[in-house]
Novice: 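First, the structure itself, so that you have it in front of you.
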Amino acid sequence: MSRLQPVRGTHDILPEDGRRHRHVVETARELSERYGFAEISTPIFEFTDVFQRTLGETSDVVTKEMYTFQDRGGDEITLRPEYTAGIARAVISGGLSQQLPLRFFAHGPMFRYERPQKGRLRQFHQIDAEIIGVAGPQADIEVICLGAEILDNLGVLDRTELQINSLGDAESRHAYRDALVAYFGAHRDALSTESQQRLERNPLRILDSKDEGDRALVAEAPRMEDYLNEDSASFFSEVVAGLNALGVSYSQNPHLVRGLDYYSHTAFEFVTGELGAQGAVIAGGRYDGLIETMGGTPTPAVGWAGGIERLAMLATGAPEAPRPIALIPVGDTAQDAAMLLAYELRRAGFVVDFGYRGNVTRRMKRADRIGARAALLLGEDEIERGVITLRDLDSGEQQKLTRDALDAALNSLY
RNA sequence: GCGGGUGUAGCUCAGUUGGUUAGAGCACCAGAUUGUGGAUCUGGGGGCCGGGGGUUCAAAUCCCCUCACUCGCCCCA
């Protein structure tokens, strides 16, 4: 293996993959705009505090997955591992809380120091949607519905399942957490080693353990729904009712939890079985406490993130590369005229591939290989007679046209 | 961070119990066709056999280490 290899967990997005990525992003952008979301972009790095304080000191992302470094001025900087904290920071530092509610769409690279797997990279890309400043369940419904519609337009909705759960408000969540600690604490010895650690750090996580022994205990564990207070329960039932009203199908998963500390109330994931161990393609929830935690005024919010690589692997309908017109100068004397013609055609909106090298045979082969729709030959003959040879590469038909007639003839091919 | 699998040409892969100068298909380049693509034929360029060490008269092949990829665990998009 050559020394010139990309850093582990990173990869080049070559043109074919790039089209699929762009299809995901543009589909999401177009639909989110229809839902009233405005596109924003935030820096790919922030002060480390932005993530450390908000994601939870004990979360895996903070404890072992962040790309953190000191810059030349001595500031602690972290490449963003997720989008939400950066957007919340932008809302605060940009004074945007004067304009609530806000609906944001964003996309871009994220960085997590993890062991790479299928659908899991150290630099990956996400699309992201957030509604900031709406306390009611309408926002949860709207944001989930947007996710479902994006998946539908990408042709993956029927291969995913929407799972939802409620973590309740802070009061409910703490009460439930205490109940879980009491229950699992009494069975500590029966828990897997990993879950014993979870008991200390994040007891909710035990609920979605894959260990068989854990699952047996989980089946008898206290249920979240019994610990939701009245507000939390009615909030969740409104979300569910809203999804029903819109015909968004889902299943309730009482074991669905979120890894990051700032979530409350609604948690949801669109999951697929087609990506190995990585099930989630879009996942998110409500994070009413985040902006306050960061030092802003208390502001409710809900949103999700979707993995572009994961979506691109599943999506159908990415547009094919455009079929260019191959412009082939014949002989040295035609070079300048051909370059001018290419310029004019491009200005007129045509996709033009200029054949730089080789004899006519070679350039024709190239035109064929790149899928050109037509070839234009321009040589001494043509220049003397004031025409251009147009060859339809699908039918093989060939004709000589004046410059004035060329654009119309090309347009008729597409 | 932990466990399993795999590394031979740009890609997909052969390579016998260790034995001359490591092969095929596809792709690429050139020619047959000096102004005409797709098909065919002919020829050509391409390899530190992932890297390092060891065993041996001899290593792509056996052993050790390492790196990368990959699948899973953890966790997540």
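Sequence lines set the chain letters: A, B, ... in the order given, protein chains first and strands last, and positions in each chain run from 1.
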Novice: Which protein N or O atoms sit under 3.5 Å from an N or O of nucleotides 42-47 of chain B?
Specialist:
none

Novice: Classify A/V330 by what it touches in the nucleic acid, base, sugar-phosphate, or nothing, heavy-atom distance under 4.0 Å.
Specialist: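 Base contact.
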Novice: Counting only Watson-Crick pairs (N1-N3 plus N6-O4 or O6-N4) and G-U wobbles (N1-O2, O6-N3), all under 3.5 Å, who is the partner of B/rC57?
Specialist: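 Checking every strand shown, B/rC57 finds its partner in B/rG19, with both distances under 3.5 Å.
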Novice: Who does B/rG43 pair with, Watson-Crick or G-U, both distances under 3.5 Å?
Specialist: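 Partner of B/rG43: B/rC29.
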Novice: Less than 4.0 angstrom from a charged side-chain N to a carboxylate O is my criterion; do A/D353 and A/R369 meet it?
Specialist: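 So A/D353 does not pair with A/R369 through a salt bridge.
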Novice: Looking at every strand, decide which applies to A/G119 at a 4.0 Å heavy-atom threshold: base, sugar-phosphate, or nothing.
Specialist: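 Counting heavy atoms under 4.0 Å across all strands, the contact made by A/G119 includes a base.
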Novice: Under 4.0 Å between a side-chain nitrogen and a carboxylate oxygen: does that hold for A/K400 and A/D381?
Specialist: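 The answer is no: the pair does not qualify as a salt bridge.
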Novice: Could you check whether A/E380 gets within reach of a base, just the sugar-phosphate, or nothing at all, counting any heavy atom under 4.0 Å?
Specialist: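 The answer is base, as A/E380 lies within the cut-off (heavy atoms under 4.0 Å) of a base atom.
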Novice: Looking across every strand, which nucleic acid part, if any, lies under 4.0 Å from A/A367 by heavy atom: base, sugar-phosphate, or nothing?
Specialist: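 No contact.
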Novice: Paired with B/rC76 by Watson-Crick or G-U wobble geometry, both distances under 3.5 Å: which nucleotide is it?
Specialist: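 Its partner is none (no Watson-Crick or G-U wobble pair with both distances under 3.5 Å).
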Novice: Which part of the nucleic acid, if any, lies within contact of A/L121, taking any heavy atom under 4.0 Å across all strands shown: a base, the sugar-phosphate backbone alone, or nothing?
Specialist: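 It contacts base atoms.
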Novice: Would you indicate what A/G9 reaches in the nucleic acid, counting non-hydrogen atoms under 4.0 angstrom: base, sugar-phosphate, or nothing?
Specialist: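 Contact class for A/G9: sugar-phosphate only.
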Novice: Is B/rG37 paired to anything, Watson-Crick or G-U wobble with both distances less than 3.5 Å, and if yes, which nucleotide?
Specialist: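 In the structure as shown, B/rG37 has no Watson-Crick or wobble partner.
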Novice: Which listed nucleotide (B/rC69, B/rG1, B/rC75) is nearest to the side chain of A/R198?
Specialist: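 Selected nucleotide: B/rC75.
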Novice: Are A/Y176 and A/Y227, when compared by the centres of their aromatic rings, separated by less than 6.0 Å?
Specialist: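 Ring centres of A/Y227 and A/Y176 closer than 6.0 Å.
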Novice: Verify whether one side chain among A/E292 and A/T299 offers a donor that lies under 3.5 Å from an acceptor in the other.
Specialist: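 No donor-acceptor contact under 3.5 Å links the two side chains.
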Novice: Does any nucleotide pair with B/rA68 by Watson-Crick or G-U wobble geometry, both distances under 3.5 Å, and what is it?
Specialist: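 B/rA68 is paired, partner B/rU6.
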Novice: With under 30° as parallel and over 60° as perpendicular, where do the rings of A/F268 and A/F270 fit, or are they tilted in between?
Specialist: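 Ring orientation of A/F268 relative to A/F270: perpendicular.
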Novice: Could you tell me if A/E130 and A/Y287 have a donor-acceptor pair between their side chains, going purely by distance under 3.5 Å?
Specialist: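 Side chains of A/Y287 and A/E130: pair found under 3.5 Å.
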Novice: Is the shortest side-chain N/O distance from A/R115 to OP1 or OP2 of B/rC75 below 4.0 Å?
Specialist: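 No, because none of the side-chain N or O atoms of A/R115 sits under 4.0 Å from OP1 or OP2 of B/rC75.
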Novice: Please list, for nucleotides 36-39 of chain B, all pairs of protein and nucleotide N/O atoms separated by less than 3.5 Å.
Specialist:
unit_1, atom_1, unit_2, atom_2, d
B/rU36, O2, A/Q398, OE1, 3.2
B/rU36, N3, A/Q398, OE1, 3.1
B/rU36, N3, A/Q398, NE2, 3.0
B/rU36, O4, A/Q398, NE2, 2.8
B/rG37, O2', A/D368, OD2, 3.4
B/rG37, N7, A/R391, NE, 3.3
B/rG37, N7, A/R391, NH2, 3.1
B/rG37, O6, A/R391, NE, 3.4
B/rG37, O6, A/R391, NH2, 3.2
B/rG37, N1, A/L393, O, 2.5
B/rG37, N2, A/D368, OD1, 3.1
B/rG37, N2, A/L393, O, 2.5
B/rG37, N3, A/D368, OD1, 3.3
B/rG38, O4', A/D368, OD2, 3.1
B/rG38, N2, A/L393, O, 3.3

Novice: Hey, can you tell me if A/F350 and A/Y414 have their rings parallel, tilted or perpendicular (30° and 60° cut-offs)?
Specialist: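 If you compare the ring of A/F350 with that of A/Y414, the planes turn out tilted.
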Novice: Which part of the nucleic acid, if any, lies within reach of A/Q117 when heavy atoms closer than 4.0 Å are counted: base, sugar-phosphate only, or nothing?
Specialist: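 Base: the residue A/Q117, judged by heavy atoms under 4.0 Å, touches a nucleobase.
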